[in-house]
Amino acid sequence: MDIFRQGRGDNAEFTLKPAIPGLRNIVIGVAVVLVALFLLSFAVRITRIEAGHVGVEINLAGRQRGASEIPVRTGWVLYSPLTTQIIEFPSYVQTVKWTKDVNEGHQVNEEMGFNSKEGMEILVDVSLSYAIEPAKAPDFYVKYRVGELDQFTHGILRDIVRNSLNEVASTYVVEDIYGEGKAEFLHKVETMIQT
């Protein structure tokens, strides 16, 4: 076959002639690019902070390990997952309801109980609205170390509300809690929760 021979003599050598000149260099170049992209996918990631959310950048390596003091604003964020982690929190108002009614909050009875000054147990439904200030999101993460807001809401915040109700209610008699002192009682509880 003539396509494999350089010449027609008896000592002709068989050689392959590429159909496309430089094909070998193209294949090597594509392989190098694919390997580089594969390695780069481990070193660089892109995420997007949604509108109404704020991100907290956690540095996992270097001298400045820990939460960055400056929150990450809405938009695209380029980071290295080897040295950095991004945690996103909503910055809009969240409302939580802890009630006896299984159709309002969760599918279980979540009403709160506390004792008045004379030791009478009072069971109440609680509704609370709160928001994380975007500028304080890094401080929020450092203080509570939660990556999911539900963990904070139904764990730490619920305990804060229950403890505030107990502490303030222990200075009121039941008639004041249900009667004329109700507004003052609720104001003191709200102030303690905010503190």
Side-chain angles (χ1 to χ4, degrees), residues 47-60 65-75 77 79 81 84-195:
T47 189
R48 189 173 111 193
I49 305 296
E50 298 290 331
H53 289 74
V54 64
V56 177
E57 183 180 359
I58 313 298
N59 294 315
L60 305 172
R65 284 188 293 260
S68 173
E69 294 178 6
I70 301 169
V72 180
R73 301 291 181 185
T74 300
V77 179
Y79 69 100
T84 307
Q85 179 182 6
I86 304 289
I87 297 177
E88 188 174 343
F89 293 110
S91 57
Y92 53 87
V93 175
Q94 304 288 309
T95 300
V96 61
K97 295 177 183 177
W98 296 299
T99 69
K100 182 178 183 177
D101 186 0
V102 295
N103 296 318
E104 255 190 294
H106 286 101
Q107 299 298 318
V108 294
N109 180 358
E110 293 183 311
E111 67 185 337
M112 291 191 183
F114 57 90
N115 295 323
S116 64
K117 186 175 187 177
E118 63 268 75
M120 183 172 187
E121 184 178 21
I122 301 169
L123 298 173
V124 296
D125 290 347
V126 175
S127 178
L128 180 72
S129 294
Y130 69 95
I132 298 172
E133 292 180 37
K136 294 186 179 180
D139 296 332
F140 174 82
Y141 176 78
V142 168
K143 184 172 185 176
Y144 297 111
R145 293 282 188 211
V146 292
E148 295 289 326
L149 204 55
D150 265 1
Q151 292 173 336
F152 170 76
T153 301
H154 297 289
I156 297 167
L157 184 60
R158 183 178 167 86
D159 288 342
I160 290 170
V161 171
R162 185 182 13 224
N163 292 340
S164 299
L165 283 167
N166 274 320
E167 191 171 328
V168 175
S170 67
T171 63
Y172 283 82
V173 293
V174 73
E175 288 85 15
D176 288 339
I177 294 172
Y178 282 116
E180 292 177 12
K182 183 177 183 178
E184 180 184 328
F185 168 75
L186 291 175
H187 178 70
K188 285 185 178 179
V189 170
E190 182 181 342
T191 302
M192 186 172 284
I193 290 170
Q194 287 179 354
T195 303

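The structure presented is a predicted model; accordingly, all values stated were derived computationally and were not measured.
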What distance do [X] atom [atom1] and [Y] atom [atom2] have between them, rounded to the nearest 0.5 Å?
X	Y	atom1	atom2	value
Met120	Phe114	CE	CZ	11.0 Å
Thr84	Ile58	OG1	CD1	9.5 Å
His154	Leu149	NE2	CG	9.0 Å
Met112	Asn166	CE	CG	10.0 Å

_Partner set under side-chain contact (heavy atoms from CB on, under 4.5 Å) for Val102, not counting sequence neighbours_ =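 In terms of side-chain contact (heavy atoms from CB on, under 4.5 Å), with neighbours along the sequence ignored, Val102 is linked to Gln107.
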*asked:* Test of understanding: with side-chain contact (heavy atoms from CB on, under 4.5 Å), list the residues that count as partners of Glu88, not counting sequence neighbours.
replied: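 Glu88 satisfies side-chain contact (heavy atoms from CB on, under 4.5 Å) with Ile49, Glu50, His53 once adjacent residues are dropped.
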*Would you indicate whether Ile156, at its atom CD1, is surrounded by more than 12 heavy atoms from other residues, nucleotides or ligands within a distance under 6.0 Å?*
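Yes.
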_Heavy atoms from other residues, nucleotides or ligands near CD of Gln85 exceed 12 (cutoff 6.0 Å)_ =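 Yes, because the 6.0 Å sphere around CD of Gln85 holds more than 12 heavy atoms from other groups.
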Which side-chain N or O atoms in residues 125-148 pair as donor and acceptor under 3.5 Å with protein atoms at least two apart or in another chain?
{"unit_1": "Asp125", "atom_1": "OD1", "unit_2": "Lys100", "atom_2": "N", "d": "3.0"}
{"unit_1": "Ser129", "atom_1": "OG", "unit_2": "Thr95", "atom_2": "OG1", "d": "3.0"}
{"unit_1": "Tyr130", "atom_1": "OH", "unit_2": "Thr153", "atom_2": "OG1", "d": "2.3"}

Enumerate donor-acceptor pairs with a distance under 3.5 Å from any side-chain N or O in residues 168-190 to protein atoms, sequence neighbours excluded.
{"unit_1": "Ser170", "atom_1": "OG", "unit_2": "Glu167", "atom_2": "O", "d": "2.8"}
{"unit_1": "Thr171", "atom_1": "OG1", "unit_2": "Val168", "atom_2": "O", "d": "2.7"}
{"unit_1": "Tyr172", "atom_1": "OH", "unit_2": "Glu184", "atom_2": "OE2", "d": "2.9"}
{"unit_1": "Tyr172", "atom_1": "OH", "unit_2": "Lys188", "atom_2": "NZ", "d": "3.4"}
{"unit_1": "Glu184", "atom_1": "OE2", "unit_2": "Lys188", "atom_2": "NZ", "d": "3.4"}

*Side chains of Glu57 and Tyr79: does their closest heavy-atom pair fall under 4.5 Å?*
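Of all side-chain heavy-atom pairs linking Tyr79 with Glu57, none is under 4.5 Å.
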*Is any side-chain heavy atom of Glu111 closer than 4.5 Å to a side-chain heavy atom of Thr99?*
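They are not in side-chain contact.
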*Main-chain N/O of Glu110 paired with Arg158 side-chain donor or acceptor, under 3.5 Å*: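 The answer is yes, because a donor-acceptor pair under 3.5 Å joins these two groups.
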*Return each pair, listed once, that meets side chain to side chain donor-acceptor pair (under 3.5 Å) where at least one residue sits in residues 112-123; pairs must be two or more places apart or across chains.*
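Passing the test, one end in residues 112-123: Ser116-Glu118.
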_Residues forming a salt bridge (Lys or Arg N to Asp or Glu O under 4.0 Å) with Asp150, sequence neighbours excluded_ =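 With sequence neighbours excluded, Asp150 shows a salt bridge (Lys or Arg N to Asp or Glu O under 4.0 Å) to no residue whatsoever.
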